[in-house]
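Here's the structure we're looking at; comments come further down.
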Protein chains: 2
Amino acid sequence: MGPIRAESVTLPTPTRRIPCERCPLRLLPHFRPFTKTELDFVSQFKRGELVAEAGSIILSEGAHSAHLYTVLSGWAFRYKTLEDGRRQILNYLLPGDLMGLQGSVIGEMQHSIEALSPVVLCVFERDRLDELFASHPGLGFDITWLAAREERMLDENLLSVGRRTAFERAAYLVAFIHQRASVLGLSGNSRLVIPITQQHVADTLGLSIVHTNKTLKKLSDRGLIRWHDRACEVLDIEGLRAAAGWTEPPEGVRPLI
Amino acid sequence: MGPIRAESVTLPTPTRRIPCERCPLRLLPHFRPFTKTELDFVSQFKRGELVAEAGSIILSEGAHSAHLYTVLSGWAFRYKTLEDGRRQILNYLLPGDLMGLQGSVIGEMQHSIEALSPVVLCVFERDRLDELFASHPGLGFDITWLAAREERMLDENLLSVGRRTAFERAAYLVAFIHQRASVLGLSGNSRLVIPITQQHVADTLGLSIVHTNKTLKKLSDRGLIRWHDRACEVLDIEGLRAAAGWTEPPEGVRPLI
DNA sequence: CGACTCATTGAGTGGTCTCAAAGGTGGTGG
DNA sequence: CCACCACCTTTGAGACCACTCAATGAGTCG
């Protein structure tokens, strides 16, 4: 139930590789276009990049991180644990998502973040956040926008864990991740494959690993998903949405810091 | 399980009563002091006050509210519902808390808010939010700060619902609300009384009303709380924290818009 | 090859659910 | 003023969902 391993530590790689002007994420229609001055500011706000390997802990509960990050590529998840090891996954992080905002704004992180796949992060200096708000109010507003979006996702997850049945929860989770990944073009031409284990699903849904397995098997039996070694392949997104009682409209254009 | 009633509608009372310079909340050590210019701006940013009676729905899911609010006095709660009426309470709103930020920033509200007691709100124009970010970056940062704080509370609630036992959940909820209320001086000289029904507790914890009643009875039997007609009296906060496995540090100074 | 993680399945337990019924309170209308 | 109704709280009984314990096989890595 708890995090079984905490084996490796993040490898700092402060070399700047991709300039913001040629950021591949900005080409996606999902992100709002920036003005030239905004782009210039973000470009020099970015201090470098950081690469984390799969399974490494990027941020730890209790830490006072001096940085704010944006996921450039890869998958990660936020989680909290109780003292006896029970773990709750709070949300997943995909390209374009901010990481470490709580720590940057309030001071101390009260959750941890672990990489699900190799992750590349854009690193920003926390100390220059004031400057961002002062010189580019639109970017400050964007950060608030992203914080409100995270709150909205948490609302939905809380509704799931609190009030949906195990079957609905599982279907909803897969449909939700699919929704987020597909607007980023992560499914490519083929079907989306989500790099998580059943333990992750269990810790997200608030279920035991055994019951999660039996619930996922129902989804498999209905042909909605196929489970691979450490991954979930989405076969029938419409079927999943129907099983989940999905009602949400697709997300429109959003900011990217 | 669903919201039984939606009887009354908010009474608009756009009369300005309390000037921000004499806001009673600002006297509390819990809120960070404002500079004169910030206070002047907020004071003219505030459009008026709104009074909602207990049980009235202040904001509805799907609405495009043109306003942002701060709770001046009273209790309320945020919630979402599924189509068949299952309800999940997401968080509670106490004096000083922002209301309607998701709607103001992203556009559409995806949750509702209902008053638990008579509530007085400070009303702000959504249209002037850009102006706030542009002319007072510190206030823009404060709004982000409050959004990050809300996210943090949701993280904790999600951990509760997903991974704590029913008994721990109930104890944690009461201890959590007590923590928030006490820094606002809401308990006065006597013990804190929280104006909620057992149905609210059930919908917060993701439990049925029957099981919630039996769980709360255990807390009562141990002398930790006393249940009144529509209220919960906190008798032994240390006992509650012990039962909940409470580990959190007290919240420091925070902003107030 | 052994150690480990992940996925799977069966069996039995127990936490939580639904159904049902009761008393208390407050509000409302006859 | 009283009868009635709606809501809240409480309790019991039985059903069921999800849990723990246990064991197995497949795959990976050193």
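Values reported hereafter were calculated over all heavy atoms of this structure, with side chains retained and with hydrogens, waters and symmetry mates removed. To find a chain, count down the sequence lines: A is the first, B the second, and so on, and within it residues start at 1.
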| query | Expressed in angstrom and rounded to an integer, what is the separation of N213(A) atom CG from dT8(C) atom C1'? | reply | 5 Å

| How many Å lie between CH2 on W227(A) and C1' on dT5(C), as a whole number? | 14 Å

| Comparing A231(B) and G206(A) on DNA chain D - which has the more 5′ nearest nucleotide | A231(B)

| field | Interatomic distance, K214(A) NZ vs dG12(C) P [rounded to whole Å] | value | 13 Å

| remark: Whole-Å distance, I225(A) CD1 to dA7(C) P, equals 11 Å

| said: Measure NE2/H211(B) against P/dG12(D) and give the value in whole Å, please. | reply: 15 Å

| request: Tell me whether the OP1 or OP2 atom of dC7(D) has a side-chain N or O from Q198(B) closer than 4.0 Å. | output: no

| Side chain of L207(B): nearest nucleotide among dT11(D), dT16(C), dC21(D)? | dT16(C)

| Will you find, in the side chains of Q88(A) and D155(B), an N or O donor that is under 3.5 Å from an N or O acceptor? | no

| field | Value in whole Å for how far the C1' atom of dT25(C) lies from NE2 of H228(B) | value | 15 Å

| task | For the pair Y79(B) and F77(B), name the ring-plane relationship: parallel under 30°, tilted 30 to 60°, perpendicular over 60°. | result | tilted

| said: Tell me whether R180(A) forms a cation-pi arrangement with Y92(A), defined as NZ or CZ under 6.0 Å from the six-membered ring centre and within 45 degrees of its axis. | reply: no

| query | Could you give the CZ-to-C1' distance, from R230(A) to dA26(D), as a whole number of Å? | reply | 12 Å

| Which listed nucleotide (dT18(C), dA22(D), dT11(D)) is nearest to the side chain of S208(B)? | dT18(C)

| request: Could you state the atom-to-atom distance from CZ of R164(B) to C1' of dG15(C) in whole Å? | output: 18 Å

| message | Under 4.0 Å between a side-chain nitrogen and a carboxylate oxygen: does that hold for D236(B) and R222(B)? | response | no

